[in-house]
Peer 1: 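I am attaching a structure below and will ask some questions about it afterwards.
Proteins come first, then strands; the chains are lettered A, B, ... in the order of their sequence lines, and each starts at number 1.
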Amino acid sequence: MSNKYRTHNCSELRKENVGNNVVLSGWVNKKRDHGNLLFIDLRDNYGVTQCIIDKENLNFSQLEKIQLETVIRIEGKVVNRSSDTINKEIQTGEIEIGIKEFKVLGSCKELPLPVFSDQEYAEDIRLKYRFLDLRRKKIHENIILRSKVISFIRSEMNKYGFLEFQTPILTSSSPEGARDFLVPSRLNPGKFYALPQAPQQFKQLIMVSGFDKYFQIAPCFRDEDARADRSPGEFYQLDLEMSFVEQEDVFKVVEKLLVNTFKKFSNKKLLSDKFPRITYKDAMLKYGTDKPDLRNPLIIKDITEIFSREDVTFEIFKKLVKSGSIVRCIVTKNTKDKPRSFFDNIDKWAKEQGASGLAYFTIEKEKEISAKGPVGKFFSKEALEEILKLTGAEVGDSIFLACSKQKELEKIISISRDKIAKDLDLINNEIFAFCWIIDYPMFERNDTSNKIEFSHNPFSMPQGEIDKINFDKPLDILAYQYDIVCNGVELSSGAIRNHIPELMYKLFSIAGYSKQDVDQKFSGMINALSYGAPPHGGIAPGIDRIVMLLANEKNIREVTMFPMNQNAQDLMMNAPSDVTDKQLKELNISLKSKK
RNA sequence: GGGGGUGUAGCUCAGUUGGUUAGAGCGAUCGCCUGUCACGCGAUAGGUCGAGGGUUCGAGUCCCUUCACUCCCGCCA
């Protein structure tokens, strides 16, 4: 491509082009002014080319004064660089352009943040001047990676026989799940649309419509507070759904897609191409969480039974166990020579996390097995031997213990597992460790209200023969509901769906919804399911998090082009913003208080 | 809603126990420099120390309030 702005881009020219007259356009990345000789690094999306001009040229004094990040067009001749001035860091490093003419295409004010720098900047400045921030190498490349990953996923999905469809952005509010973003309806005063939290119902309706395999790079909107790995407002999912499938069929497709994607875009190894499957129950026991980081080799063990022994005199724990608490522990291999400060730091850290601390001791053996450490004296030789049997610990290992009610315990022991592994440097950063978490319970009891609620997706299919499910024990019902976790990051969540209306009414009634409630709230779907719905299921991997892992970033804003800040404001576009009284009036809205 | 961290020049940061006129690097402006690639050298400008209040002879520094950003908890089927 050649036009009045350029004959080549800024990473194209090579030795072979020496002698050519060329036109380049781009940003002034860097100037090096030698007084009578000036170097200009010209940058565009593709790379950097060094351009040079000396005092003899009439343009010299103008170019010498040019601001960084000005957009210019230069015309000149490709010149060979002498061997001692070749720059191997850039692709065009063997040549340079001898500038003949130049023109400013876009002038630039003094920069609020330098573009040519590896320095980190305050988030609000970066977001306000995102267009400058995005010129910087690292994030520019992250965004390009994101584009390539999405293109690749699209072509894979097409290859697998999936059809891409769009679903509505203005839809109806749903009672389950996150807080909705609402949009007032002008033509229906007092009524609101909701932005979709996910195209959940639509993708099921697509299956009922007979399309068999659907996917979409779908925007999802949830009005919840932000985290490092969670943008406020919107995020993207690879939403997919398939008809006439069992859980295994979904697993096969998604494993293949993710393995291909991660192998293509990262040099890191996968811990296993076949994702291990861990039941929700096991995950909660062994890792204390349903998003375990399998790069971390530490496993949690339950040793509650030890604390009903006569020869254990750890009275605080014994008393708690009697009143229903449980004890779980983490064994660290061969840590007997770690300094006291290592153990105390972890205990102190646990207290800062709101736990009552982490007790610990180290197993030693001279003639007999003994436990060293502040609480070691509470355990008899026989009790210690039993602990070794239960935990697989050996002489020289240390044991960290926590005692609490189950939920609280899982929380503290889970983050302790991460903390201890980090302190001991046990986590291999050069791998991706995927796993499936399966067999989620259909329902759970809400701690505060004591009511039975859907634990995940109310549209999931319960496991087992339908006429044999014991609805009197709802907490025992498992669902065909699954998550994919990678390196401790929840990447996707999916399920085989419940396509049987009567069963749906039954499950909703357990969660406290009447038939009328369901008919009203999910009218589109429940209606559709009664006109011949195929069995179907799917999943929705989070695009932003996939790219975040591939780009080796810890923050989702580093792979998002125009993110909002933590308060869900777009500092560049000034959103959200006030609207005129006329707009409000049309929408039939009056504000309670106005600033 | 709650907890932690940060806030000093356009940008990144230093600033000791409360003590003279608040510093550095980058950037900007001006001057010198023909082979740099983070070019080099010299000079100049640039500050409501986030904001408000208090303690004190004296506050960037101590106390209180408040705002902004960020991380976490709650929340996120």
Side-chain angles (χ1 to χ4, degrees), chain A residues 29-43 48-57 60 64-65 67-69 79 81-90 92-93 96 98 108-129 132-133 136 174-180 197-198 200-201 220-233 235 352-354 411-412 415 440-444 446-448 453-460 479 481 483 490 493-495 507-508 511 540 542 554-555 557 564-567 569 571:
Chain A
N29 194 50
K30 193 73 191 163
K31 280 188 307 182
R32 288 175 297 280
D33 188 354
H34 289 233
N36 295 313
L37 179 72
L38 172 68
F39 296 95
I40 289 181
D41 290 340
L42 197 66
R43 183 197 75 239
V48 172
T49 302
Q50 174 167 284
C51 306
I52 185 167
I53 188 167
D54 69 18
K55 210 160 73 177
E56 307 298 307
N57 191 304
F60 183 82
E64 202 180 21
K65 285 198 178 105
Q67 287 275 356
L68 295 183
E69 293 306 308
V79 188
R81 291 208 208 179
S82 66
S83 61
D84 56 323
T85 59
I86 286 174
N87 183 354
K88 286 180 183 143
E89 304 289 309
I90 58 174
T92 58
E96 62 198 9
C108 180
K109 300 200 283 187
E110 188 176 343
L111 294 166
L113 64 93
V115 170
F116 178 70
S117 165
D118 291 332
Q119 213 140 39
E120 309 236 5
Y121 304 101
E123 199 84 27
D124 36 354
I125 291 169
R126 292 182 59 191
L127 293 181
K128 183 167 181 195
Y129 297 96
L132 289 177
D133 191 35
R136 298 169 64 221
S174 74
E176 285 288 319
R179 200 176 289 114
D180 284 317
Q197 296 181 23
Q200 178 65 35
Q201 294 190 60
C220 304
F221 306 88
R222 296 178 192 175
D223 187 5
E224 297 293 352
D225 289 348
R227 288 290 182 279
D229 64 350
R230 209 165 80 201
S231 272
F235 62 97
E352 284 165 6
Q353 301 305 307
K411 205 159 151 195
I412 186 67
I415 57 175
Y440 276 86
M442 190 82 214
F443 298 101
E444 64 189 4
N446 182 305
D447 284 341
T448 44
E453 296 178 343
F454 288 108
S455 69
H456 276 74
N457 188 323
F459 305 118
S460 297
Q481 162 87 45
D483 278 11
E490 186 190 320
S493 184
L507 295 170
F508 268 99
K554 288 204 163 52
N555 193 303
R557 292 186 297 274
M564 298 203 281
N565 70 8
Q566 196 167 45
N567 293 323
Q569 299 158 340
L571 299 175

Peer 1: May I ask you to say what A:Q197 touches in the nucleic acid, namely base, sugar-phosphate or nothing, with a heavy-atom cut-off under 4.0 Å?
Peer 2: nothing
Peer 1: In whole Å, I'd like the distance from the CG atom of A:N29 to the P atom of B:G27.
Peer 2: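 Taking CG of A:N29 and P of B:G27, I get 13 Å after rounding.
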Peer 1: Between A:R81 (CZ) and B:C37 (P), how many Å, whole number?
Peer 2: 11 Å
Peer 1: Can you sort out the partners of A:I415 under side chain to side chain contact (heavy atoms under 4.5 Å, CB included), two or more places apart, ordered by chain and number?
Peer 2: A:W349, A:Q353, A:I412
Peer 1: For residues 110-122 of chain A, which side-chain N or O atoms pair as donor and acceptor with protein atoms under 3.5 Å away, sequence neighbours left out?
Peer 2:
unit_1	atom_1	unit_2	atom_2	d
A:S117	OG	A:Q119	N	3.0
A:S117	OG	A:Y121	OH	3.1
A:Y121	OH	A:P114	O	3.4

Peer 1: With A:F508, which residues qualify under ring-ring contact (aromatic ring centres under 6.0 Å, His included), at least two apart?
Peer 2: A:F454, A:Y513, A:F522
Peer 1: On the side chain of A:R230, is there an atom forming a donor-acceptor pair with the base of B:C75 - under 3.5 Å, no angle test?
Peer 2: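 A donor-acceptor contact between them is present.
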Peer 1: Could I get the full list of ring-ring contact (aromatic ring centres under 6.0 Å, His included) partners for A:Y440, not counting sequence neighbours?
Peer 2: A:Y280, A:H456
Peer 1: Select base, sugar-phosphate, or nothing to describe what A:E490 touches, counting heavy atoms under 4.0 Å on all strands.
Peer 2: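 No contact.
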Peer 1: Going by centres under 5.5 angstrom and planes under 30 degrees, do the aromatic ring of A:H34 and the base ring of B:C39 stack?
Peer 2: yes
Peer 1: For nucleotides 9-13 of chain B, tabulate all protein N/O to nucleotide N/O atom pairs closer than 3.5 Å, reporting atom names and distance.
Peer 2:
unit_1	atom_1	unit_2	atom_2	d
B:G10	O2'	A:P112	O	3.3
B:U12	OP1	A:A122	N	3.1
B:U12	O2'	A:Q119	NE2	3.0

Peer 1: Not counting sequence neighbours, which residues clear side chain to side chain contact (heavy atoms under 4.5 Å, CB included) with A:A178? List them please.
Peer 2: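 In terms of side chain to side chain contact (heavy atoms under 4.5 Å, CB included), with neighbours along the sequence ignored, A:A178 is linked to A:Q197, A:R222, A:E224.
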Peer 1: Indicate, with a heavy-atom threshold strictly under 4.0 Å, whether A:N567 touches base, sugar-phosphate, or nothing.
Peer 2: sugar-phosphate
